[in-house]
Amino acid sequence: MDAATVLTDIQLASQALWRAGVAGGIEKFDGGDLQEKVAAAYWPLTDAALTLTTWRFNTVTRKLSQLASPPPSRWAYRYTLPGDRLGEPYAIFFDQDKTAGTQNFEIFEDELWCDEPIAFALYQRRPTSPGKWSPIFRDFVMTDLAAVLALDINQDRSRYQTLKIEAYGSLDANAFGGKLALAVQREAMTLPPVQALPDGGPLVRARLGGD
């Protein structure tokens with residue numbers, strides 16, 4: 001099995017184990033020491049990878065659901081933020097065309113408070129399975145996860161370094177080469193483009209020294 005045929009979280013984790021040189025795969029993320037070690041690495045790593053840049057396959061704009069009662073503050077309306085989001089929304093829009101972002105709102109826990117009767121959020125979500133990811137991104141994540149598992153489970157530093165270089169192009173903490181660069185380049189070639197973010201997105205912020 002390769003990245004192009006991986007469709008589930010378990011399949012991706014099992015393939016990463018094989019690439020890490022760990023004997024056997026897993027059928028679930030609990031029930032044993034190996035499964036728990038894989039789960040401890042898998043979910044944080046994939047969440048971080050899914051927000052490295054504005055991937056087209058997981059960056060969406062959704063109309064927010066308005067709650068019946070107003071917020072306990074000066075705002076007139078309250079909305080539920082999407083439950084599948086990874087982090088806070090990148091932009092909030094109050095028009096049907098979703099062309100002009102605004103800062104005139106407040107986010108409190110899982111709600112948006114504002115003075116507008118309609119609201120949209122531009123955000124990144126966790127797709128239901130790796131089968132919804134782009135194949136080249138799946139390959140990058142699989143390689144990066146294999147590097148982590150090689151070190152965490154087998155204490156194989158040599159394989160860890162080899163796989164990290166394959167994934168990122170070097171061992172530098174801020175590297176954006178290797179399979180990650182290929183995935184980002186493929187995104188840039190894909191049409192139509194993702195709606196522009198007000199601050200250029202997380203990759204641009206990182207390169208400019210932002211958050």
Side-chain angles (χ1 to χ4, degrees), residues 1-60 83-87 123-188 190 194 201-203 205-207 211:
M1 181 181 297
D2 59 21
T5 58
V6 165
L7 299 177
T8 70
D9 294 299
I10 292 295
Q11 287 177 339
L12 192 152
S14 293
Q15 182 67 5
L17 281 169
W18 177 80
R19 293 210 62 196
V22 179
I26 60 172
E27 296 182 355
K28 55 184 180 178
F29 283 115
D30 56 18
D33 184 58
L34 175 61
Q35 289 89 339
E36 291 173 2
K37 284 183 177 179
V38 173
Y42 185 86
W43 300 111
L45 185 147
T46 53
D47 280 355
L50 285 164
T51 55
L52 275 173
T53 189
T54 49
W55 308 109
R56 285 169 175 77
F57 63 84
N58 81 324
T59 302
V60 295
D84 61 350
R85 74 190 188 282
L86 293 168
Y123 69 100
Q124 286 189 283
R125 58 185 291 272
R126 170 176 278 280
T128 53
S129 76
K132 304 294 185 181
W133 305 353
S134 68
I136 192 167
F137 176 79
R138 282 200 303 269
D139 192 29
F140 157 68
V141 172
M142 185 187 302
T143 304
D144 193 23
L145 179 62
V148 172
L149 296 177
L151 189 61
D152 287 355
I153 298 174
N154 281 356
Q155 291 75 54
D156 189 340
R157 180 162 295 276
S158 176
R159 188 184 292 251
Y160 165 83
Q161 292 177 340
T162 297
L163 290 167
K164 276 291 185 180
I165 291 171
E166 185 178 337
Y168 291 96
S170 81
L171 295 175
D172 187 280
N174 297 315
F176 270 93
K179 290 184 176 181
L180 174 58
L182 291 175
V184 172
Q185 290 166 9
R186 183 66 56 87
E187 283 284 300
T190 304
V194 162
L203 193 59
R205 288 200 304 271
R207 290 186 173 180
D211 295 336

Where Trp55 and Gln124 come nearest, the two heavy atoms and their spacing: N-NE2, 3.6 Å
Any side-chain heavy-atom pair of Leu163 and Asp144 under 4.5 Å: no
Thr143 OG1 to Ile165 CD1 distance, which is reported to the nearest 0.5 Å: 13.0 Å
From CA spacing to verdict: side chain to side chain contact (heavy atoms under 4.5 Å, CB included), Leu34, Leu17: CA-CA 10 Å; Leu34 175 61; Leu17 281 169; 4.2 Å; yes
Gap separating the OG1 atom of Thr51 from the CG atom of Asn58, nearest 0.5 angstrom: 8.5 Å
Check ion pair Glu166-Arg19 (N to O, under 4.0 angstrom): yes
Beyond-backbone contact of Leu7 with Pro130, side-chain heavy atoms, under 4.5 angstrom: no
Phe137 side chain near Leu50 side chain, heavy-atom distance below 4.5 Å: yes
Side-chain heavy atoms of Asp84 within contact of Tyr123, under 4.5 Å: yes
Ala20 to Arg159 - nearest heavy-atom pair and separation: O-CD, 3.1 Å
Short side-chain donor-acceptor distance under 3.5 Å, Asp30 and Gln35: no
Closest heavy-atom pair and its distance - Ala16, Ala146: O-CB, 3.4 Å
Minimum heavy-atom distance Ile26-Ile10, with the two atoms named: O-CG2, 3.2 Å
Under 3.5 Å: donor-acceptor pair, side chain of Gln15, backbone of Gln11: no
Verdict with supporting geometry, Leu151 and Arg157, side chain to side chain contact (heavy atoms under 4.5 Å, CB included): CA-CA 6 Å; Leu151 189 61; Arg157 180 162 295 276; 4.1 Å; yes
Spacing of Met142 atom CE and Lys179 atom NZ [to the nearest 0.5 Å]: 8.5 Å
Distance in Å, Leu149 CG paired with Asp156 CG, rounded so as to fall on 0.5 Å steps: 12.0 Å
Trace of the side chain to side chain contact (heavy atoms under 4.5 Å, CB included) decision for Asp152 with Lys37: CA-CA 8 Å; Asp152 287 355; Lys37 284 183 177 179; 5.9 Å; no
Min side-chain heavy-atom separation Arg125-Leu86 under 4.5 Å: no
Distance in Å, Glu36 CD paired with Lys28 NZ, rounded so as to fall on 0.5 Å steps: 10.5 Å
Arg126 side chain reached by Asp47 side chain, heavy atoms, under 4.5 Å: yes
Crowding at CD, Gln155 (>12 non-hydrogen neighbours, <6.0 Å): yes
Criterion side chain to side chain contact (heavy atoms under 4.5 Å, CB included) on Tyr168 and Phe140, from CA distance to verdict: CA-CA 8 Å; Tyr168 291 96; Phe140 157 68; 3.6 Å; yes
Closest heavy-atom pair and its distance - Leu180, Leu52: CD1-CD1, 3.9 Å
Residue pair Asn154 / Tyr160, side-chain donor-acceptor N/O under 3.5 Å: no
Nearest atoms (heavy-atom pairs only) where Asn174 meets Asp172: N-OD1, 2.7 Å
Ser134 and Arg56: side chain donor to acceptor below 3.5 Å: no
Flag side-chain contact, heavy atom, 4.5 Å: Leu12 against Tyr42: yes
